[in-house]
Amino acid sequence: MNIEGKVALVTGGASGLGLAACRSLIEKGAKVAIFDFDKANGEAVVQELEEGKALFVQVDVTDEQNVAQALETLYKHYGDLHIVVNCAGIGPPGKVINREGEPLPLDQFKKIVDVNLFGTFNVLSKAAARMAKQDTLNDDGGRGTIINVASVAAFDGQIGQPAYAASKAGIVGMTLPIAREFARQGIRVNTIAPGLFLTPLAESLGEDVINSLGGSVEYPKRLGNPKEFAQLVVHMAENDYLNGEVIRLDGAIRMAAK
Ligand SMILES: CCCCCCCCCCCCCC(=O)CC(=O)SCCNC(=O)CCNC(=O)[C@H](O)C(C)(C)COP(=O)(O)OP(=O)(O)OC[C@H]1O[C@@H](n2cnc3c(N)ncnc32)[C@H](O)[C@@H]1OP(=O)(O)O
Ligand SMILES: NC(=O)C1=CN([C@@H]2O[C@H](COP(=O)(O)OP(=O)(O)OC[C@H]3O[C@@H](n4cnc5c(N)ncnc54)[C@H](O)[C@@H]3O)[C@@H](O)[C@H]2O)C=CC1
């Protein structure tokens, strides 16, 4: 798909990987709608992005009505939607049994799965239902593309990541069945599984964890730059033959137990 002039929805676009994706999509000529929980960051980001190329809507991706209303706002503003990037996510760690021998409260597990997995499904399902009614864009009958964000934790989850890893493994697991279903609508579905990228979320791990994980990257021996994530987002949007795939973007890291 030629991104020039297209409309992209980026959840979690007010920070980190989502913001990097917004910047790169705009550089390629797209317009973006940022759905993010963080109103202050969202409004600030729209001010710094190219004028007229970014819309911010405060959204909780876990809220069905909120997402549906926000899509109405997007369609009123832009008229169409071609690219959906599901970046919104959280990751607070928690072991199954903590040092005091207490089991992880179910609510903590549910919250992470709610935002990361259910929030991703909530947005992609409602967005795709609208996209399916749009005119086709090319000779393949394409109407757009959905790009989800999992994590290497879906495959090499560390101690303390049962909820986070489960939420991301769920995103990996639903990629192919949804791509298979959306073939008739001409909507491609792919997922990126990033390693460790230097963003506010990763910084919350603390310097020791970040340095240890950075040192365990095979090559390049460093954390990923959010621009490198955004490069893959742009490619996934542009490459009409890429569909139903999960791509690790991680410098060949295979995370240790902790
Ligand atoms: C408020 C903080 C917010 C943080 C937010 C973090 C967000 C992270 C999201 C990730 C960002 C996106 C990154 C991504 O998607 C890619 C990745 O996944 S990168 C990998 C990220 N890794 C993690 O998130 C790791 C998470 N785990 C932890 O941080 C720790 O395991 C945890 C804090 C949950 C628990 O640590 P701790 O309590 O120190 O337990 P340890 O198991 O590490 O043990 C340390 C030490 O303590 C003793 N001990 C522990 N449990 C017991 C016990 N039950 N009985 C007795 N003693 C115990 C023991 O001596 C341990 O020492 P060792 O000799 O080292 O075992
Ligand atoms: N930073 C990293 O190393 C990695 C990040 N990821 C994933 O990439 C995605 C983005 O992560 P980062 O950019 O690092 O995090 P970040 O914390 O910088 O950005 C996440 C954004 O999502 C928003 N958000 C959180 N909950 C929301 C909700 N319920 N509704 C709407 N917006 C919400 C936050 O306000 C924030 O702006 C997450 O899904 C994360 O799990 C995956 C692997 C590695």
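Just the heavy atoms: all of them, side chains too, but no hydrogens, waters or symmetry mates, feed the values below. Atoms within each ligand, like the ligands themselves, are counted from 1 in listed order. Position 1 is the first residue of the sequence, and the numbers go up from there.
Contacts of T199 with ligand 2, taken as heavy-atom pairs under 4.0 Å, involve the side chain alone. Neither the backbone nor the side chain of V152 comes within 4.0 Å of ligand 2, counting heavy atoms alone. The residue P226 has no part lying near ligand 2, judged by heavy-atom distances below 4.0 Å. With a 4.0 Å cut-off on non-hydrogen atoms, L196 touches ligand 2 through its backbone as well as its side chain.
Not a single heavy atom of F229 sits closer than 4.0 Å to an atom of ligand 2. At least one heavy atom of V59 lies less than 4.0 angstrom from ligand 2. Contact annotation: A150 has at least one heavy atom less than 4.0 Å from an atom of ligand 2.
A donor-acceptor pair under 3.5 Å links the side-chain atoms of T11 to the main chain of C87, judged by distance alone. Between the side chain of D140 and the backbone N or O of G142 there is no donor-acceptor pair closer than 3.5 Å. Without hydrogens or angle criteria, Q134 side chain to L81 main chain gives a donor-acceptor distance under 3.5 Å.
The shortest N/O to N/O separation between C87 and ligand 2 falls below 3.5 Å. Some N or O of F37 is nearer than 3.5 Å to an N or O of ligand 2, by distance alone. Considering both main-chain and side-chain atoms, V61 comes within under 3.5 Å of ligand 2 through a nitrogen or oxygen pair. Checking only distances, K168 does come within under 3.5 Å of ligand 2, N or O to N or O. Where the criterion is an N or O separation shorter than 3.5 Å, residue side chain and backbone included, F35 fails it with respect to ligand 2. In terms of polar-atom proximity, defined here as any N/O pair under 3.5 Å, D60 does make such a contact with ligand 2.
For ligand 2, the atoms closer than 4.0 angstrom to any heavy atom of L17 are 5 (C), 8 (O), 13 (O). Residue contact check: G16 has heavy atoms under 4.0 Å from atoms 13 (O), 18 (O) of ligand 2. Remark: ligand 2 atoms within the under-4.0 Å shell around heavy atoms of V149 are 7 (C), 8 (O). The F197 neighbourhood of ligand 2 comprises atoms 1 (N), 2 (C), 3 (O), with distances under 4.0 Å to a heavy atom of that residue. Annotation for ligand 2: atoms under 4.0 Å from non-hydrogen atoms of A88 are 22 (O), 32 (N), 33 (C), 39 (O). Which parts of ligand 2 touch V115 is read off a 4.0 Å heavy-atom cut-off, strictly below it: atoms 26 (N), 29 (N). Applying the 4.0 Å criterion to heavy atoms of P194 picks out, from ligand 2, the atoms 42 (C), 43 (C), 44 (C).
For NZ of K227, the number of neighbouring non-hydrogen atoms (other residues, nucleotides, ligands) closer than 6.0 Å is 12 at most. Other residues, nucleotides and ligands contribute at most 12 non-hydrogen atoms within 6.0 Å of the CZ atom of R180. Crowding of Q65 atom CD: a count of heavy atoms from other residues, nucleotides or ligands under 6.0 Å not exceeding 12. More than 12 heavy atoms of other shown residues, nucleotides or ligands fall within 6.0 angstrom of atom CZ in F155. Enclosure of atom CZ in F197 by more than 12 non-hydrogen atoms of other residues, nucleotides or ligands within 6.0 angstrom is indicated. In this structure, E238 places its CD atom where more than 12 heavy-atom neighbours from other residues, nucleotides or ligands lie under 6.0 Å away. Annotation: K28, atom NZ; neighbour count of heavy atoms from other residues, nucleotides and ligands within 6.0 Å does not exceed 12.
In terms of heavy atoms, R143 sits closest to Q185 at NH1-O, 3.1 Å.
Taking all heavy atoms of T11, D36, D38, I90 into account, the minimum distance to atom 37 (O) of ligand 2 is reached by D36. Looking at A193, S167, S15, A14 and measuring to atom 19 (O) of ligand 2, the nearest heavy atom belongs to S15. Nearest to atom 25 (C) of ligand 2 by heavy atom, out of A202, G12, G89, G13, is G89. The residue from G195, S204, P200 that puts a heavy atom closest to atom 4 (C) of ligand 2 is G195.
Figure legend: cation-pi geometry between R188 and F182 absent, as NZ or CZ is not positioned both under 6.0 Å from the six-membered ring centre and within 45° of its axis.
Each of I187 and I147 belongs to its own hydrophobic cluster when Ile, Leu, Val, Met, Phe, Trp and Tyr are linked at side-chain heavy-atom distances under 4.5 angstrom.
In summary, the side chains of N86 and T120 do not present any donor paired with an acceptor at a separation below 3.5 Å, with no hydrogens or angles considered.
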